[in-house]
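A short write-up of the structure that comes next.
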Amino acid sequence: MNDLRNYIDGIWRPGGGRPCESIDPAVPTRVVARWRLATDSDVDAAVAAASAASVGWARENIHERAQYLRRAAVLLRERAAGIAADLTAEQGKIAGVARGEVERAASILDFFAHDAVQSLGESYSSPRPKELILTHRVPVGPTLVVTPWNVPLAIPAWKIAPALVHGNTVVWKPSEHVPLVATHLMEALADAGLPAGVCNMVLGGGSAASRALEAPVIKACTFTGSTAVGLAIEHAAAARHIPVLTEMGGMNAAIVLDDADLDLAAEQIVAAATGWSGQRCTATSRVVVQRGVAERFTKMLQDTVALLRVGDPLDATVEVGPVTTRRQFDELADAAARARRDGELLAGGVAGAAEDGYFVSPMLVRGLPAGHELARTEIFGPLVVIMEADDLDDALAEANDSDFGLSGSLFTRDLDCVLEALDRFDVGVLHVNSESTGADPHVPFGGFKLSGTPHKEMGQSARDFFTRVKTVYLRSGSR
Ligand code: UN1
């Protein structure tokens, strides 16, 4: 049994709070890890360590800082098999996807190590003699990183790596559902030799994040998770006037027009709706299909979903593993009942009891009244609501009728429709003829509306968030 600890000021220390367990969602009676919840004083110690280490870390050469990330990436790859097995056990990802996430996290660390050799500023001409005007980047300062359970390695990697390479120290609070997976990433960073206090991990609940956020020495916060928590974090950060990045919910729509390659659209939409058991903020949860092909396309979605195998995430023939938490399992069972009551549940649902694993077969729902809550409220799981539209205008109106605006897909071969959607599909990430999921490390990622703050993640956007730009007038010391 794993007995997990916080990592504070370079030391693995047990938390002082109540005992907790993480469980295997495929076999919920199986405990995967135990630990004691971080207390306020554990959080305070982590914050103090991040504060004490911050001056030295900011002074360290960026090339040296990058080396720690590269070493951690090597360690993740060396340990990939064990980490992936624990990811499957604690979070439920099917084995192949779990291995993919370990590699994704390692390549994100490598990617941000490369920031050391990127341009860090600009130079401007001066209207005065013997003067140069430059921009120079300095760290934001100790940063609170709060991460979710659905992408427990890659999301922390794409927040922590740019924070560290740009000279910020970190207090990281991972989700309570995945402390073992989080510990693997923390171990890789610690074993890479990071100086004490530079990156600290506290295995706490939501109150640990709130407490850290109140600490005056915390100078920025980056969060991925639910909209409710993200908004509370935004308010707390605004009250302290510190930069905050939130990446929250999605109710992502895929528009399928009459002229689309329907085989491609069905394959991509089903992958986007059911991959990782639909537990992806970029998952497709609404399909808006043009009336002329609606009947045919709905049948194609049914046929594609029917081929999916749901079950043991270690079985290589399985495509859909369990959902991660009991709460989601119950919510999805409830959603299936509402879908049957108010519309037509064409496929899927919850067949077994929670005790036998949190397995949910991908659900296709149609015939709901306009504005029904199943098409408006994010349910983190494999559930797709199918709607019909007359034409592109109508489809865009349906797709945009959402509080969220993370990602969206458009399936068509009509360039005019694509150009129209480029301007009018109100999402932060638009996929033309491909699934709504995914995010590449060198490309800005983030949503509109309630899906998050305007700051994007990854690529150069990460550098922009984790640094402050100082304008420097550099003039000769002699007349
Ligand atoms: C992806 O689709 O690979 O929580 C990115 C999430 C998003 C990241 C998904 N923040 O699912």
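The figures that follow rest on heavy atoms only: side chains count, while hydrogens, waters and symmetry mates do not. Atoms within a ligand are numbered from 1 in the order they appear, just like the ligands themselves.
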Nearest-neighbour protein heavy atom for atom 11 (O) of ligand 1, which is reported as residue plus atom name and distance: C281 N, 2.7 Å

Identity and separation of the nearest protein heavy atom to atom 4 (O) of ligand 1: N150 ND2, 3.0 Å

What atoms of ligand 1 come within less than 4.0 Å of a heavy atom belonging to [X]?
X: T282; result: 1 (C), 2 (O), 9 (C)
X: W158; result: 5 (C), 8 (C)
X: W276; result: 3 (O)
X: T437; result: 2 (O)
X: G438; result: 1 (C), 2 (O), 3 (O)

F380 touching ligand 1 at heavy-atom level, < 4.0 angstrom: no

Side chain proximity check, Q279 to T324, heavy atoms < 4.5 angstrom: yes

Min side-chain heavy-atom separation I83-L76 under 4.5 Å: yes

Side chain, backbone, both or neither: E247 near ligand 1, heavy atoms under 4.0 Å: side chain

Under-4.0 Å heavy-atom contact with ligand 1, by part of W149 that carries it: neither

N or O pair under 3.5 Å between R104 and ligand 1: yes

Trace of the salt bridge (Lys or Arg N to Asp or Glu O under 4.0 Å) decision for D315 with R309: CA-CA 10 Å; D315 178 339; R309 288 204 58 203; 3.8 Å; yes

Worked check of salt bridge (Lys or Arg N to Asp or Glu O under 4.0 Å) between E103 and R99: CA-CA 7 Å; E103 174 51 34; R99 280 195 299 278; over 6 Å; no

Sidechain N-carboxylate O distance under 4.0 Å for R77, D110: yes

Minimum heavy-atom distance A116-A66, with the two atoms named: CB-CB, 3.9 Å

Pi-cation contact, Y68 with R71 (under 6.0 Å, within 45°): yes

Working for salt bridge (Lys or Arg N to Asp or Glu O under 4.0 Å), residues R338 and E373: CA-CA 10 Å; R338 299 200 305 281; E373 42 92 19; 2.7 Å; yes

